[in-house]
Amino acid sequence: MVRHFFFTLLAMQYTHVLITGASSGIGEAIARSLAAKGCHLWLVARRKERLIALQDELQNQYPNIQVFVFALDVRSANAVKELFEDLSARELRPNVIVNNAGLAAGLAEVDVASPEDWDRMIDTNVKGALYVMKYGIPLLKNPQGGHIIQMSSVVSREVYAGGSVYSATKHALDAIHRTLRLELLPWPIKLTSINPGLVETEFSLVRFAGDADRAQQVYKDIEALKAEDVADVVAYCLSLPKHVNLPEVHITASAQATATKVRKKDGSIRG
Ligand code: NDP
Ligand code: 8X3
């Protein structure tokens, strides 16, 4: 309660925020959290009806902000290009990009995994994120600058059996993030990579192709992070003074030591 009061009081440095993957989980929680702080929002994902429901809810709750919705697949370079071309022609445009859309597909070892799953992960997590940066960065290259938040993962630095390609995509994002910190240094553009551990969202449901029982096992008997916990950290990063940046934030549940090693509620160790 006290924590949420504190986070509500944070003043944002930038208040015009585009969020990819805003139809669910972490992206949706970021949208709710930033709307409460008075930010204008551009919500991006494929499931239009979910985005519209969120837009309606936030517009009703916070009539002073503007919420825009764009239903698109970040795997389409053309769709992402058109989105940012459209935005750059408008007066009201984003100065924060939360590059959050992403997924894991499957948990199979390399010799038995599906190449289609690999394509989905690489096309979404790496190429999709790159398209958003390529076409979004020109919007931030101005004297006012902006902030790019990249949703990565603890597996940008770790690996586990069955997670080779998901982990490879997040390692790739880490390399891209560190490269962009060099390339964008001439501009007042902050870059933050958020690296969460286990967060209870639709992530595992997607990973296991809608198998709810299997997805529930991932979070069973442990106290994982909630999407709101990650959203609070994003809000904190966006509220830091202009001269302060957190380039990388690792955030895990208190009961998580590595991507796979967690303390269960009964005190035993899983993984
Ligand atoms: P969710 O499955 O709940 O949300 C994923 C979001 O990404 C949805 O809004 C989905 O929208 C969007 N998305 C997926 N593919 C595309 C696409 N091709 N084009 C546009 N949007 C897309 O999972 P999380 O909230 O947990 O995941 C968000 C990010 O956090 C991901 O990058 C994930 O890798 C990362 N992460 C998650 C962790 C976890 O344990 N949950 C831990 C560490 C990092 P739609 O389907 O409507 O397009
Ligand atoms: C998601 C975290 O450990 O489930 O990035 O792969 S994990």
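In this chain, numbering begins with 1 at the start of the sequence shown. All ligand and atom numbering here is 1-based and tracks the order in the structure.
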(request) Write out the residue and atom name of the closest protein heavy atom to atom 4 (O) of ligand 1, then the distance separating them to 0.1 Å. (result) S24 OG, 3.6 Å
(message) Tell me whether ligand 1 is touched by L72 - counting only heavy atoms on the residue side and a distance under 4.0 Å.
(response) yes
(request) Starting from atom 42 (C) of ligand 1, find the nearest protein heavy-atom neighbour and note its residue, name and distance. (result) G197 O, 3.0 Å
(message) Considering E28, R207, R46 one by one, which has a heavy atom nearer to atom 16 (C) of ligand 1 than any of the others?
(response) R46
(message) Using a 3.5 Å cut-off on N or O atoms only, is G21 in polar contact with ligand 1?
(response) yes
(message) For a 4.5 angstrom cut-off between non-hydrogen side-chain atoms, does V74 reach V132?
(response) yes
(message) If you compare all heavy atoms of A113 against all heavy atoms of W118, which two are closest, and at what distance to 0.1 Å?
(response) CB-NE1, 3.5 Å
(request) Number the atoms of ligand 2 from 1 as they appear, then name those within less than 4.0 Å of a heavy atom of A259, with their elements. (result) 3 (O)
(message) Starting from atom 18 (N) of ligand 1, what is the nearest protein heavy atom, named by residue and atom, and what distance separates them?
(response) D73 OD1, 2.8 Å
(request) Could you check if a side-chain atom of I149 sits within less than 4.5 angstrom of a side-chain atom of I30, using non-hydrogen atoms only? (result) no
(request) Look at ligand 1 and say whether A227 reaches it with a heavy atom at a distance under 4.0 Å. (result) no
(message) I want to know if ligand 1 touches I26 in the polar sense, i.e. an N/O pair below 3.5 angstrom.
(response) yes
(message) When you compare ligand 1 with V74, is there at least one nitrogen or oxygen pair between them that comes in under 3.5 angstrom?
(response) yes
(request) Measure the distances from the heavy atoms of E200 to every atom of ligand 1 and state whether one is below 4.0 angstrom. (result) no
(request) Give the contacting part of L198 toward ligand 1: side chain, backbone, both or neither, where contact means a heavy-atom distance below 4.0 Å. (result) backbone
(request) Decide, yes or no, whether a salt bridge links E158 with K261 under the criterion of side-chain N to carboxylate O below 4.0 Å. (result) no
(request) Assess A22 for proximity to ligand 1: is some non-hydrogen atom of it under 4.0 Å away? (result) yes
(request) For ligand 1, note which part of A104 has a heavy atom under 4.0 Å away: side chain, backbone, both or neither. (result) neither
(message) Need the ligand 2 atom indices (1-based, order shown) with element for anything under 4.0 Å from a heavy-atom of S153.
(response) 1 (C), 2 (C), 5 (O)
(message) Using only atom types and a distance under 3.5 Å, with no angle test, would you say the side chain of R50 pairs donor to acceptor with the backbone of S23?
(response) yes
(message) Please report whether ligand 1 has a polar contact with K170, defined as an N or O pair separated by less than 3.5 Å (distance criterion only).
(response) yes
(request) If you have a sec, work out which protein heavy atom is nearest atom 33 (C) of ligand 1 and how many Å separate them, to one decimal? (result) Y166 OH, 3.7 Å
(request) For atom 5 (C) of ligand 1, find the nearest protein heavy atom and state the residue, atom name and distance (0.1 Å precision). (result) G102 O, 3.7 Å
(message) When you measure from the heavy atoms of A224 to every atom of ligand 1, does any distance fall below 4.0 Å?
(response) no
(request) Have a look at F203 and tell me which of Y219, F208, Y166 forms a ring-ring contact (aromatic ring centres under 6.0 Å, His included) with it. (result) Y166
(request) Look only at the side chain of K127 and the backbone of A77, and say whether a donor-acceptor pair between them is shorter than 3.5 Å. (result) no
(request) State yes or no: do L51 and I65 share one hydrophobic cluster built from I, L, V, M, F, W and Y residues joined by side-chain heavy-atom distances below 4.5 Å, directly or via other members? (result) yes
(request) Mark up the atoms of ligand 2 that fall under 4.0 Å of a heavy atom belonging to F203, in ascending order. (result) 1 (C), 4 (O)
(request) Check the hydrophobic clustering (I, L, V, M, F, W, Y; side-chain heavy atoms under 4.5 Å; chains of links allowed) and say if L43 and I97 are grouped together. (result) no
(request) Say whether Y219, considering both its backbone and side-chain N or O atoms, lies within less than 3.5 Å of an N or O atom on ligand 1. (result) no
(message) Given 3.5 Å as the limit, does a donor-acceptor pair link the side chain of D229 with the main chain of K226, or not?
(response) yes
(message) So does M151 get a backbone contact from the side chain of K170, meaning a donor-acceptor N/O pair under 3.5 Å?
(response) yes
(message) What protein heavy atom lies closest to atom 7 (S) of ligand 2? Include the residue and the distance to one decimal.
(response) Y160 OH, 3.7 Å
(request) Identify, for atom 11 (O) of ligand 1, the protein heavy atom at the shortest distance, and state residue, atom and that distance. (result) S23 OG, 2.9 Å
(message) Check contact between T20 and ligand 1, using heavy atoms of the residue and a distance below 4.0 angstrom.
(response) no
(request) Would you tell me which option among T252, I19, T201 has the nearest heavy-atom contact to atom 24 (P) of ligand 1? (result) T201
(message) Among S204, S152, A101, G128, which one puts a heavy atom closest to atom 35 (C) of ligand 1?
(response) S152
(request) Would you check if Q150 and M133 make a side-chain contact, meaning some heavy-atom pair closer than 4.5 Å? (result) yes
(request) Indicate yes or no for a side-chain donor-acceptor contact from Q256 to the backbone of G197 under 3.5 Å, with no hydrogens or angles considered. (result) no
(message) Hydrophobic cluster membership, with links at side-chain heavy-atom distances under 4.5 Å among I/L/V/M/F/W/Y: are L225 and V262 in one?
(response) no
(request) Using distance alone, decide if ligand 1 has a nitrogen or oxygen within less than 3.5 Å of any nitrogen or oxygen in P196. (result) no
(request) Please check if the side chain of N95 supplies one atom and the backbone of H16 the other of a donor-acceptor pair under 3.5 Å. (result) yes
(request) Starting from atom 1 (C) of ligand 2, find the nearest protein heavy-atom neighbour and note its residue, name and distance. (result) Y166 OH, 3.4 Å
(message) Just to confirm my output: which protein heavy-atom neighbour is closest to atom 29 (C) of ligand 1, and how far is it?
(response) N100 O, 3.1 Å
